[in-house]
Amino acid sequence: MRAAVCPAYGRPDVVRIEELPSPTVGPGQVRVRVAAAAVNFPDVLLIADKYQVSVPAPFVPGSEFSGVIVETGSDAEGFAVGDRVTGAGMYGAFAEEVAVAAAGLAPIPDSVDDRTAAAFGVAYRTAYHTLRSVARVKAGDEVVVLGAGGGVGLAAVALAVQLGASVTAVASSDEKLDVASSYGARHVVNHKRDDLRGALKAVLPGGADAVVDPVGGELSEPALRSLGRGGRFVTVGFASGDIPRIPLNLVLMKGIAVLGFQFQDVPPDEFTRNEDELREHLVSGRVRPHVGAVYPLTETVRALEHVADGRAIGKILIDLT
């Protein structure tokens, strides 16, 4: 099979396309013929060895995929050869085949195509669990979403709108903000052109109820300052590469909550509820991920650079069909 291989740590251009043996299937695993894989910012960080965990090189990057099962191992319950599935792992998805634990897969509804399934999973699950179980967003809330042009950010815009919130989208270009507006954002702020603190105060004079922050860096503090009393600030990641330092006097004076999102922290009953609701959003067509660009496997480096350079709008995919 063909695969994108990171032979040594570095920038995305270290990645090479190579011929590798098909992965072997262990107990509880299945082998999936990959149809589409999504490129996420942590893929770039793993290749540079700058993520929270390190994967020994050489390795096949790629954490999110859709495809069809072509082999099942012993004790791989719940799935059969021919089933269309989507899944995610730490690495291995930028290849024509991947071996993964069956327990981590989800069936793809008949009404959903492979590209949509690959683009939907991680970003929309992250955004929805964040909004429902951490930020506790409800109808009528004012929600600020940073990085609103990226995968998680744009998903948060669309899903917060579905929850009945009024969304202020913050992004680095008018092109990204145009897409956020098409997904229902009421206000938009270009932080490259406008002073973020002043712009948020102008559009939200009464303050925001919640901030969703997948970016970090210099945007976090002015966004936190936009919260009204009792607001919720949720950090989801640090796509900017910089971890912000928040003055705690703001937390004290505003009576706000600063929270972090991790899947394992969502209570089991809420997790099941959120997953069911999110699946209904997908099947019904009420939400659809925005695919900003699609690259063939041979152009994996370009796909990674598209994400690394901050140019991605929505999800960037690699087509392996």
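Quick note: residue numbers are just sequence positions, from 1.
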What's the spacing between I318 CD1 and R302 CZ if we round to 0.5 Å? 11.5 Å
Keeping S66 on the side-chain end and D114 on the backbone end, is there a donor-acceptor pair under 3.5 Å? yes
Got a second to check how far S166's OG is from L204's CG, nearest 0.5 Å? 7.0 Å
Sidechain-backbone polar pair: Q162 side chain, L159 backbone, donor-acceptor under 3.5 Å: no
Does any part of the side chain of F65, heavy atoms only, come nearer than 4.5 Å to the side chain of F94, both counted from C-beta? no
Taking D141 for its side chain and V143 for its backbone only, find out whether a donor-acceptor pair lies under 3.5 Å. no
Going by heavy atoms in the side chains, are V258 and T235 under 4.5 Å from each other? no
Is the backbone of L227 close enough, under 3.5 Å, to the side chain of K254 for a donor and an acceptor to pair up by distance? yes
Short side-chain to backbone donor-acceptor contact, N274 and E270, under 3.5 Å: yes
Rounded distance (nearest 0.5 Å) linking atom CZ of R125 with atom CG of L278: 8.0 Å
Aromatic plane relationship, F263 with F261 - under 30° parallel, 30 to 60° tilted, over 60° perpendicular: perpendicular
Between the main-chain N or O of S173 and the side-chain N or O of K192, is there a donor-acceptor pair closer than 3.5 Å? no
